[in-house]
Asks: 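Right, I'll just put the structure down here and ask away after.
None of the values given here were measured: they were computed from a predicted structure.
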Amino acid sequence: MTFRVADAADVPVLVELVQSAYRGDRSRAGWTTEADLLEGQRTDPAMVTAAVTGPDSVVLLALDGDETVAACCHLERRDGYAYFGMFAVDPGRQGGGVGAGLLAEAERFARDEWGAGEVRMTVIVQRAELIAWYERRGYKRTGELSPFPYGDERFGVPLRPDLAFEILVKPVAV
């Protein structure tokens, strides 16, 4: 597996990857599906383009041996930390270490390239198995919750009324 920074030419592939990892029937091939919590889109070309081209923003790609994009994640540089999001692994590649490898690369990038002291993310609180996966990789739950953006279909159509995000944090400074 190799890593590289995404560019604008990668946007269509990234939109498909993120959508396939979280929504619809294809997402059910992997364990990260949100199909029982949300319908509709997970992202769109404008959102991915902003992540790829924005200031203090980078999208990292994990590539397999033939340069096929196997996974992606977004990092945004903030005051003293990096925000981690848009993490997607091709459903057929989940469970094989691709995600763990890309997460480690994102932490390294945040620390070594940006001097970030920690990585933060938000995870839907109903995703207990995903939160546990992050905890096994050193992330701590903060108990700090934020509401799901109900009514903004750019992030999906909720299938239940109680969705919320929790912030997870991991120190990455040497």
Side-chain angles (χ1 to χ4, degrees), residues 1-24 27 30-34 37-38 40-64 67-91 93-94 97-125 127 130-131 133-134 137-139 142 144 146 148-149 152-156 163 165-172:
M1 183 169 29
T2 59
F3 305 103
R4 73 169 171 84
V5 173
D7 60 36
D10 296 308
V11 169
V13 170
L14 295 175
V15 171
E16 172 60 27
L17 173 64
V18 172
Q19 190 71 16
S20 72
Y22 290 97
R23 305 285 163 73
S27 72
W31 68 274
T32 62
T33 184
E34 295 173 343
L37 301 174
L38 297 149
Q41 75 175 35
R42 177 65 153 71
T43 194
D44 61 34
M47 294 165 70
V48 175
T49 298
V52 168
T53 63
D56 295 321
S57 180
V58 66
V59 174
L60 299 176
L61 306 178
L63 307 172
D64 63 18
E67 298 296 305
T68 301
V69 177
C72 69
C73 69
H74 174 229
L75 287 173
E76 184 178 323
R77 184 176 8 198
R78 297 191 180 170
D79 189 24
Y81 70 94
Y83 180 81
F84 176 86
M86 201 175 77
F87 187 34
V89 178
D90 180 272
R93 303 284 307 267
Q94 292 178 15
V98 174
L102 182 56
L103 178 61
E105 173 62 11
E107 293 166 357
R108 184 213 59 79
F109 187 98
R111 179 188 63 242
D112 297 350
E113 304 298 324
W114 288 348
E118 63 186 23
V119 173
R120 297 181 192 175
M121 67 180 72
T122 56
V123 180
I124 296 174
V125 296
R127 301 291 317 279
L130 184 57
I131 291 171
W133 186 85
Y134 285 120
R137 281 144 190 85
Y139 286 82
T142 64
E144 185 177 337
S146 60
F148 186 85
D152 188 344
E153 291 188 7
R154 292 177 308 147
F155 301 102
L163 298 179
F165 295 105
E166 182 172 0
I167 296 173
L168 305 181
V169 177
K170 178 179 180 179
V172 294

Asks: Run the side-chain contact (heavy atoms from CB on, under 4.5 Å) test on Phe148 and Leu38 for me, step by step, so that the C-alpha distance in whole Å, both residues' side-chain angles and the decisive distance to 0.1 Å come before the verdict.
Replies: CA-CA 11 Å; Phe148 186 85; Leu38 297 149; 3.4 Å; yes

Asks: Checking the side chain of Glu76 only, and the main-chain atoms of Ser57 only, is there a donor and an acceptor separated by less than 3.5 Å?
Replies: no

Asks: State whether the side chain of Thr68 and the backbone N or O of Asp64 hold a donor-acceptor pair below 3.5 Å, judged by distance alone.
Replies: no

Asks: What distance separates Phe87 CZ from Leu130 CG, expressed to the nearest 0.5 Å?
Replies: 8.5 Å

Asks: What closest approach, in Å, do Arg120 and Val169 show between heavy atoms, and which atom pair accounts for it?
Replies: CG-CG2, 3.8 Å

Asks: Roughly how far apart are Arg154 CZ and Thr43 OG1, rounded to 0.5 Å?
Replies: 9.5 Å

Asks: Please work out which of the three classes, parallel, tilted or perpendicular, describes the rings of Phe109 and Trp114, given edges at 30° and 60°.
Replies: perpendicular

Asks: How about Leu103 and Tyr134: do any of their side-chain heavy atoms sit closer than 4.5 Å?
Replies: yes

Asks: Is there side-chain contact between Arg108 and Leu60, with at least one heavy-atom pair below 4.5 Å?
Replies: no

Asks: With side chains defined as the heavy atoms from C-beta onward, is the minimum distance between Leu168 and Phe84 less than 4.5 Å?
Replies: no

Asks: Does any part of the side chain of Met47, heavy atoms only, come nearer than 4.5 Å to the side chain of Gln41, both counted from C-beta?
Replies: yes

Asks: What's the separation between atom CG in Leu61 and atom CG in Leu14, rounded to the nearest 0.5 Å?
Replies: 5.5 Å

Asks: Nearest heavy-atom pair of Val119 and Ala110: which atoms, and what distance?
Replies: CG2-CB, 4.0 Å

Asks: Just by distance, do the side chain of Gln19 and the backbone of Gly40 share a donor-acceptor pair under 3.5 Å?
Replies: yes

Asks: Minimum heavy-atom separation for Ala106 and Leu75, please, with both atom names.
Replies: O-CD1, 3.5 Å

Asks: If you round to the nearest 0.5 Å, how far is OG1 of Thr2 from CD of Glu67?
Replies: 5.0 Å

Asks: Taking all atoms of both residues into account, what is the closest heavy-atom pair of Gly101 and Met1, and its distance?
Replies: CA-CE, 4.2 Å

Asks: Could you measure the distance from the SG atom of Cys72 to the CG atom of Leu17? Nearest 0.5 Å is fine.
Replies: 4.5 Å

Asks: Quick one, Val18 and Val48 - any side-chain contact, counting heavy atoms below 4.5 Å?
Replies: no

Asks: Can you tell if the side chain of Asp10 reaches within under 4.5 Å of the side chain of Val59, non-hydrogen atoms only?
Replies: no

Asks: How far apart are the closest heavy atoms of Ala8 and Val52, and which atoms are they?
Replies: N-CG1, 3.7 Å

Asks: Run the side-chain contact (heavy atoms from CB on, under 4.5 Å) check on Tyr83 and Thr122 step by step: do they pass?
Replies: CA-CA 9 Å; Tyr83 180 81; Thr122 56; 2.7 Å; yes

Asks: Carefully, step by step, assess Tyr139 and Val123 under the rule side-chain contact (heavy atoms from CB on, under 4.5 Å).
Replies: CA-CA 11 Å; Tyr139 286 82; Val123 180; over 6 Å; no

Asks: Return yes when atom CD of Glu144 has more than 12 non-hydrogen atoms of other residues, nucleotides or ligands closer than 6.0 Å, and no otherwise.
Replies: no

Asks: Would you say the side chain of Val69 lies within less than 4.5 Å of the side chain of Leu63, judging by non-hydrogen atoms?
Replies: yes

Asks: Looking only at heavy atoms, what is the nearest atom pair of Val98 and Ala70, with distance?
Replies: CG1-CB, 4.1 Å

Asks: With side-chain contact (heavy atoms from CB on, under 4.5 Å) as the criterion, how do Leu102 and Val89 come out once you've worked through the C-alpha distance, each side chain's angles and the decisive distance to 0.1 Å?
Replies: CA-CA 9 Å; Leu102 182 56; Val89 178; 5.9 Å; no

Asks: Please examine the side chains of Val15 and Asp44, heavy atoms only from C-beta on, and report whether any two atoms are closer than 4.5 Å.
Replies: no

Asks: To the closest 0.5 Å, what do you measure between OG1 (Thr142) and CD1 (Ile167)?
Replies: 5.0 Å

